[in-house]
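Read the structure below first, then the notes.
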Amino acid sequence: MGEMNYRILGPVEVERDGAAISIEAPRQRAVLVALLLEANHVVSVDRLALQLWGESPPASARSTIQSLILRLRKTIIPSWTPQDQSVLITRRPGYLLSVDPGQLDLDEFHRLIRHGRQSLTAGNPEVATVQLRQALAMWRGDPFEDTAAVRLRE
């Protein structure tokens with residue numbers, strides 16, 4: 001399938017083997033972000049519906065989410081077949097996006113912050129400054145600015 005990279009510290013970006021993958025639909029990007037914020041954990045269909053529509057999801061919410069997931073799979077995994085459960089996995093009661101270490105900018109940001117704090121605690125303020133500046137430099141704008149108006153965190 002190729003090496004995937006996801007960026008959410010600004011507009012949502014996805015790359016496969018260094019090439020940008022276009023995810024045009026705002027709700028599709030919103031589902032991707034919700035899955036990335038809970039990477040490697042199951043996100044229930046009910047939680048996705050709540051994040052997309054709030055307390056009053058439409059009657060078609062479940063089928064709409066299934067359609068969004070299907071289109072997302074076909075976008076990020078060009079050779080996707082219904083048997084492919086390698087990246088975007090159906091697991092009751094919802095979906096899981098498998099993300100390896102280093103593939104998500106948010107994880108790298110947290111790693112740099114953690115190391116910066118450890119360096120500061122260890123009495124290395126110069127090293128901490130470099131690490132914390134690297135973490136801040138990862139921000140490319142407002143997170144999720146190009147997703148549908150959703151409740152991604154409560």
Side-chain angles (χ1 to χ4, degrees), residues 1-55 57 65 68-80 84-91 93-154:
M1 184 196 80
E3 177 68 23
M4 299 297 297
N5 288 294
Y6 307 95
R7 293 185 194 88
I8 59 174
L9 298 178
V12 177
E13 294 180 358
V14 178
E15 289 183 353
R16 183 181 47 252
D17 294 327
I21 297 172
S22 178
I23 300 175
E24 298 297 325
R27 287 205 190 276
Q28 196 174 0
R29 284 193 304 272
V31 167
L32 175 63
V33 168
L35 293 169
L36 286 167
L37 287 173
E38 301 292 333
N40 300 313
H41 295 92
V42 175
V43 179
S44 72
V45 171
D46 290 340
R47 181 166 170 94
L48 290 171
L50 179 66
Q51 292 173 340
L52 289 171
W53 294 285
E55 296 294 331
I65 290 170
L68 289 167
I69 292 288
L70 178 61
R71 285 187 277 151
L72 190 56
R73 281 179 169 141
K74 290 180 177 181
T75 301
I76 65 175
I77 310 166
S79 60
W80 182 82
D84 186 346
Q85 293 287 306
S86 62
V87 176
L88 185 44
I89 302 161
T90 300
R91 187 169 296 154
Y95 303 94
L96 177 148
L97 185 64
S98 178
V99 177
D100 292 334
Q103 290 184 319
L104 176 60
D105 63 352
L106 181 62
D107 290 343
E108 181 64 11
F109 173 80
H110 286 300
R111 186 189 70 76
L112 286 166
I113 294 294
R114 187 173 53 255
H115 287 177
R117 287 179 178 161
Q118 290 169 347
S119 295
L120 195 57
T121 300
N124 296 317
E126 298 83 13
V127 173
T129 299
V130 169
Q131 291 166 326
L132 294 172
R133 283 187 177 152
Q134 287 174 335
L136 289 174
M138 295 182 73
W139 287 85
R140 300 171 291 105
D142 293 332
F144 326 129
E145 67 185 29
D146 59 345
T147 61
V150 296
R151 295 167 177 76
L152 289 172
R153 283 287 186 195
E154 292 192 349

Begin from the C-alpha positions of Y6 and V12 and carry the test side-chain contact (heavy atoms from CB on, under 4.5 Å) through to its verdict. CA-CA 8 Å; Y6 307 95; V12 177; over 6 Å; no
Would you sort out whether V127 and Q131 count as a side-chain contact (heavy atoms from CB on, under 4.5 Å), showing the intermediate values? CA-CA 6 Å; V127 173; Q131 291 166 326; 3.7 Å; yes
Could you check T90 against R73 for side chain to side chain donor-acceptor pair (under 3.5 Å), going step by step and ending with a plain yes or no? CA-CA 11 Å; T90 300; R73 281 179 169 141; 2.6 Å; yes
Residues I65, W53; criterion side-chain contact (heavy atoms from CB on, under 4.5 Å); working and verdict: CA-CA 11 Å; I65 290 170; W53 294 285; 4.0 Å; yes
Go through it in stages, so that I can follow the logic: the residues are N40 and L97, the test is side-chain contact (heavy atoms from CB on, under 4.5 Å), and I'd like the CA-CA distance, side-chain angles, deciding distance and then a yes or no. CA-CA 6 Å; N40 300 313; L97 185 64; over 6 Å; no
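Side-chain contact between V14 and T75 is absent, with no heavy atoms from C-beta onward closer than 4.5 Å. At a threshold of 4.5 Å between non-hydrogen side-chain atoms, the residues V33 and L37 count as touching. At least one side-chain heavy atom of M138 sits under 4.5 Å from a side-chain heavy atom of L112. In this structure, P57 and L50 have side chains that are not in contact, with every pair of non-hydrogen atoms separated by 4.5 Å or more.
With rounding to the nearest 0.5 Å, the separation of OG in S98 from CD in Q103 is 7.5 Å. With rounding to the nearest 0.5 angstrom, the CD atom of E15 is 13.5 Å from the CD1 atom of I76. Atom CG of residue N124 and atom CD of residue Q118 lie 11.0 Å apart, to the nearest 0.5 angstrom. A distance of 8.0 Å separates CZ of R117 from CG of L132, quoted to the nearest 0.5 Å. Interatomic distance, OG of S22 versus CD of Q28, reported as 9.0 Å (0.5 Å rounding). Atom OH of residue Y95 and atom CG of residue L88 lie 8.0 Å apart, to the nearest 0.5 angstrom.
The side-chain contact (heavy atoms from CB on, under 4.5 Å) test with L35 singles out one residue from V42, I69, V99, and that residue is I69.
At a threshold of 4.0 Å, the pair E13-R140 counts as salt-bridged, since one of the basic side-chain nitrogens sits closer than that to a carboxylate oxygen.
Here the closest non-hydrogen pair linking W139 and P143 is CZ3-CG, 3.5 Å. Annotation for G102 and N5: closest pair O-OD1, 3.7 Å, computed over non-hydrogen atoms.
With hydrogens and angles ignored, the 3.5 Å screen pairs a side-chain donor or acceptor of D105 with a backbone N or O of L9. Counting only distance, with no hydrogens or angles, the side chain of H110 and the backbone of E108 share no donor-acceptor pair below 3.5 Å. In this structure a side-chain-to-backbone donor-acceptor pair under 3.5 Å is missing from R16 to I21.
For the residue pair R111 and H115, a side-chain donor N or O sits within less than 3.5 Å of a side-chain acceptor on the partner.
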